[in-house]
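Below you'll find the structure, written out as structure tokens, and then a few comments.
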2 protein chains.
Amino acid sequence: MKISSKARYAIQSMLQLAMQVDSKPLTLADLTQQQNISSSYLEQLLASLRESGLVVGVRGPGGGYRIATDVADISIADILMAVHERHLKRPKKSSYGMSIYNDMWWDLSERIQEFLSQISIADLMDREDVQLYLHQQRLFKDVPLSDSQTDIQRKRA
Amino acid sequence: MKISSKARYAIQSMLQLAMQVDSKPLTLADLTQQQNISSSYLEQLLASLRESGLVVGVRGPGGGYRIATDVADISIADILMAVHERHLKRPKKSSYGMSIYNDMWWDLSERIQEFLSQISIADLMDREDVQLYLHQQRLFKDVPLSDSQTDIQRKRA
DNA sequence: ACAATTCCCGATAAAATTAGTCAAGAATAG
DNA sequence: CTATTCTTGACTAATTTTATCGGGAATTGT
């Protein structure tokens, strides 16, 4: 199925942010390293996501982007609408006798919309391999119990 | 939900063809009259649909385009694939450690694909208003019982 | 206060896709 | 034979997507 790579970038970015343990911000650089895409372009997409309230930007050192709300509350439809925005010009109604075809078209549109609204980021994260990965990340993060070497470890990883 | 107008044209054309009683061919002119679009452009889309085996072209007077198979066997996914074809370049796998995000992405793609495969043209036609319209069309077609004025009537419609 | 980091914003430009046009050719019905 | 209608290919314009650059604003740590 064809979905624009724009949408793919946006969704994959949201996934990366969603999977960040303790929702520590990810920088633009962090995000672009995983997808092969220019950082300036991703920046524009992140701007759209921010304007739609899906992510928040945190400036300054240690900053980056963080997911804005619960991953269960963000649907694929939300993400697509955020990055496609101006593209939603509806065709003018009442052009001759095409109302029937038009109605059928809108019927379909709504079905698709509804379908995509029901798939949340959390749903996509609900896979065995993903859960395993998240588990490992958390293990790795929770290791420093001896409170003597906290940052040194992280640097080597 | 944003779907390209290209897709909309294609789907609406298929709907028009599907709703043709006794599947009498519709000419390019017939099709473009309903949607406000240039005939030459629709021509290209119809060419894609023909190459994908969804419609057949009939040349000569009285010709046009006709739907190729049972409306229950043609899905929205079929139509979208027909007109978007070259656009399906999959991202090269194995780019560093993005396999997890990639997998989640493909998971989603397949879900959408499957969803759209399950919606057939026939499904879209299964609405009260559409059925009523079809019924009226058939009534109008079946009127000439007196076999004396067959073509004259049609011309006035 | 200063320096480094990182988002933020605007303008711009290249590439790809979509949309639209034109003209000549081939098949077919009457 | 002729009018109709699809078929084909080349070409142009508009729009969207993708990409780049540079300066500015906020924040952290020293």
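To find a chain, count down the sequence lines: A is the first, B the second, and so on, and within it residues start at 1.
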Is the distance from OP1 or OP2 of C:dC9 to the nearest side-chain N or O of A:Arg50 less than 4.0 Å? yes
Nearest whole angstrom, please: distance from the P of D:dT5 to the CZ of B:Arg66. 14 Å
Side chain B:Asp126, main chain B:Asp123, donor-acceptor under 3.5 Å: no
Backbone of A:Ala77 reached by a side-chain donor or acceptor of A:Gln113 within 3.5 Å: no
Give the rounded distance in Å between these two atoms: CG of A:Leu42 and C1' of D:dT17. 14 Å
Counting only side-chain nitrogens and oxygens, does A:Tyr65 get under 4.0 Å of the OP1 or OP2 atom of C:dC8? yes
For B:Gln33 and D:dT5, what is the distance between atoms CD and P respectively, to the nearest whole Å? 11 Å
Whole angstrom is fine here: how far is it from CZ in B:Arg8 over to P in C:dA19? 8 Å
Nearest to the A:Leu28 side chain among D:dC6, C:dC7, C:dG20, which nucleotide is it? C:dC7
Separation of A:Leu26 atom CG from C:dT5 atom C1', in whole Å? 15 Å
How would you label the contact of B:Ser40 with the nucleic acid (heavy atoms, under 4.0 Å): base, sugar-phosphate, or nothing? base
Where the side chain of B:His84 is defined as all heavy atoms beyond and including C-beta, which of D:dA19, C:dG20, C:dT18 is the nearest nucleotide? C:dT18
Residue A:Arg59, side-chain heavy atoms: nucleotide from C:dC7, C:dG20, D:dA19 that is nearest: C:dC7
Return whichever of A:Gln44 or A:Gly60 has its heavy-atom-nearest nucleotide of DNA chain C closer to the 5' end. A:Gly60
For the side chain of B:Thr27 and the backbone of B:Ala29, is there at least one donor-acceptor N/O pair under 3.5 Å apart? yes
A:Tyr41, nearest nucleotide to its side chain (from D:dT8, C:dC8, D:dT18): D:dT18
Any side-chain N or O of B:Ser38 less than 4.0 Å from the OP1 or OP2 oxygen of C:dT21? yes
Residue B:Lys6, side-chain atoms from C-beta onward, closest of C:dA19, D:dT17, D:dT5: C:dA19
Does a distance-only test, which skips hydrogens and angles, find a donor-acceptor pair under 3.5 Å between the side chain of A:Glu43 and the base of C:dC8? yes
Counting the atoms with a prime plus P, OP1 and OP2 as sugar-phosphate, which does B:Leu46 contact under 4.0 Å by heavy atoms, base, sugar-phosphate, or nothing? nothing
Whether A:Ser5 contacts D:dT17 is assessed here as follows: a side-chain N or O lying under 4.0 Å from the phosphate OP1 or OP2. Is that the case? no
With respect to the side chain of B:Tyr9, which nucleotide from C:dG20, D:dT18, C:dC9 is positioned closest? C:dG20
Is a salt bridge present between B:Asp22 and B:Lys24, judged by a nitrogen-to-oxygen distance below 4.0 Å? no
Can you check the B:Asp30 CG to D:dT5 C1' distance for me, whole Å? 11 Å
Residues B:His84 and B:Ser4: side-chain donor-acceptor under 3.5 angstrom: yes
